[in-house]
Protein chains: 2
Amino acid sequence: MHKLGTLQAGPCSAAERRKDIWVTASSRRRIPEATVARLPLYYRALMETGERQVATISSERLAELAGVNAAKVRKDLSYLGSYGTRGVGYDVEYLLHEISRELGLTRDWPVAIVGIGNLGRALANYRGFGARGFRVEVLIDADPALVGHQIGDLSVVSIDDLDRVVREHNIAIGILATPAGAAQEVADRLVAAGVTSILNFAPAVCSVPEGVSMRKVDLAIELQILSFYQLRRGTGGTAPPRERTG
Amino acid sequence: MHKLGTLQAGPCSAAERRKDIWVTASSRRRIPEATVARLPLYYRALMETGERQVATISSERLAELAGVNAAKVRKDLSYLGSYGTRGVGYDVEYLLHEISRELGLTRDWPVAIVGIGNLGRALANYRGFGARGFRVEVLIDADPALVGHQIGDLSVVSIDDLDRVVREHNIAIGILATPAGAAQEVADRLVAAGVTSILNFAPAVCSVPEGVSMRKVDLAIELQILSFYQLRRGTGGTAPPRERTG
DNA sequence: CCGAGCTTGTGCACGCGTTCTCAAAGTGTG
DNA sequence: CACACTTTGAGAACGCGTGCACAAGCTCGG
């Protein structure tokens, strides 16, 4: 039986915990979660714009590129500070710098992938981690037949060495691509080894202690959600959901 | 230039469009988007419970298994109808049936994957589409060197035949795993061929016309969000986000 | 048949996020 | 310098989703 209590534990939910704390030196106000989730969109849009030698960009144009509306862009950016100039727009270069600083993309994040199956292998080879800073440095698997196997320029390490390797590479971000059954145990071991951010691809509910963040990407769930709306579509109603950003 | 206007277009947003419509025969009330996103969690939890020959389950237990809280479970399930018995709980078998009907999992959905790179290949081989009903029937790529190549028991089809093949297989759900640059064009072609649900893995903003739904899964963005909170963690604050369900 | 003990279903209050709207603040021209 | 035009930044209203709290309803034992 897993210890599930910590996940969204009843009376002391995340929403309650972070009330007025969370005003760090770098950010004037607390940045809403929804805004954080959109910053990468702005970042990407600005990167593309920057390559075209455009010096300044309006909230309207940026909104168009990021696929949101202009009011949202302005409010989001205002959380970072007043980086725009009225009547002109935002300085692309400067805004890019501020956002990447805010997102921690000026740093380099070493990443470990645990579970080198179909998905893990694909992630290991995936060049498109967009704005780099995320360097996959460690591949871990439980299957002895895989250990030592070369993928790209990395070789797969046994899960027995998880703790050591994660510590040696100073890894803070782990990617979980194991089967559902192993997810919770691997998550626990990652956390024990000092990992404080986990991206979980395993189709399983999985809990982490306070102070560790975890985001879940579940293909089956995404398909099932699509299926729900797909089903209604034929039978009369219009489909509500367009795109998800959160 | 892509036609971006349709995405979350200003004054006529999705939120405004689906006001009081959306009460289909199968569902007594309009089911909130957030609830729809959690139904697959309940579905999975119930499947595991059902295998253990448990006849009935309380909202509390189901909440624990799904990683949410009990009040939410009850409210969510009440949108489907009053399928529980006070003092007893929910009949596992029956609830399972109702949820899978609601999610359209009683049907079979043929799926096409476009873009057979690292990720596309992994998805093609991925057995874990959980509760099946989602059968990958078509693999499409633009690279002539890949066309005809066998993956599992499917062979890759040229993108020139996209329209024909999608129609022949009666495909309603498409998975987009192309590079960013090709995403919008491929999405347009899928829609033109009759696809009305798209799961988009390409790291690009991409719009679809009204009546088509699209969900986006973006690895780079997920990592950047983790990075944001990871960054703060060291410098004093506690980390707000635990797990995402939406 | 009654009362104790559970468990569901829902009304209600609250908080977050979105959008509208408009004053404030910049640019450029004559 | 004044005026027209552009664009940001934020105050306010609204709607959705969450969680609490409790009445309604079921089971079981005596």
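In what follows, chains carry the letters A, B, and so on, assigned in the order in which the sequence lines appear, proteins first and then strands, with residues in each chain numbered from 1.
The side chain of B/Ser59 contributes an N or O atom lying less than 4.0 Å from OP1 or OP2 of C/dT8. Dashed line: the shortest gap from a side-chain N or O of A/Tyr90 to OP1 or OP2 of D/dG9 is under 4.0 Å. Phosphate contact (OP1/OP2 of C/dG17, side-chain N/O of A/Arg30, threshold under 4.0 Å): present.
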ask   = Which is it for A/Tyr83 and A/Asp91 under the side-chain hydrogen bond (donor to acceptor under 3.5 Å, both in side chains) test, yes or no, and what are the steps along the way?
value = CA-CA 8 Å; A/Tyr83 295 148; A/Asp91 183 285; over 6 Å; no

query = So B/Arg233 and A/Ser213, side-chain hydrogen bond (donor to acceptor under 3.5 Å, both in side chains) or not? Walk me through it.
reply = CA-CA 10 Å; B/Arg233 196 154 309 134; A/Ser213 37; 2.6 Å; yes

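Between B/Glu102 and A/Arg232, at least one side-chain nitrogen of the basic residue sits less than 4.0 Å from a carboxylate oxygen of the acidic one, meeting the salt-bridge criterion. Salt bridge A/Arg44/A/Glu48: absent, no basic N to carboxylate O contact under 4.0 Å.
Heavy-atom nearest nucleotides on DNA chain D were determined for A/Val88 and for A/Lys75, and the one closer to the 5' end corresponds to A/Val88. Taking the nucleotide of DNA chain C with the nearest heavy atom to each of A/Pro32 and B/Thr85, the more 5' of the two is matched to B/Thr85.
Atom CG of B/Leu80 and atom P of C/dT8 are 14 Å apart (whole Å). Rounded to an integer number of Å, the gap from OH of B/Tyr83 to P of C/dT7 is 22 Å. Nucleotide C/dT7 holds its P atom 16 Å from the CG atom of B/Leu95, rounded to whole Å. Rounded to an integer number of Å, the gap from CZ of A/Arg74 to C1' of D/dG9 is 8 Å. Separating the CD atom of B/Glu60 from the C1' atom of C/dC6 is a distance of 11 Å, rounded to the nearest angstrom. Between the CD atom of B/Glu33 and the P atom of D/dG15 there is a distance of 17 Å, given to the nearest Å. Summarising the geometry, the separation between CG on A/Leu77 and P on D/dA10 is reported as 12 Å, rounded to the nearest angstrom. Rounded to whole Å, the distance from CG on B/Asn69 to P on D/dG17 is 15 Å.
Between the side chain of B/Arg86 and the base of C/dT8, at least one donor-acceptor pair of N or O atoms lies under 3.5 Å. Between the side chain of B/Lys72 and the base of D/dG19, no donor-acceptor pair of N or O atoms lies under 3.5 Å.
Heavy-atom contacts from other residues, nucleotides or ligands closer than 6.0 Å to CD of A/Glu60 number 12 or fewer.
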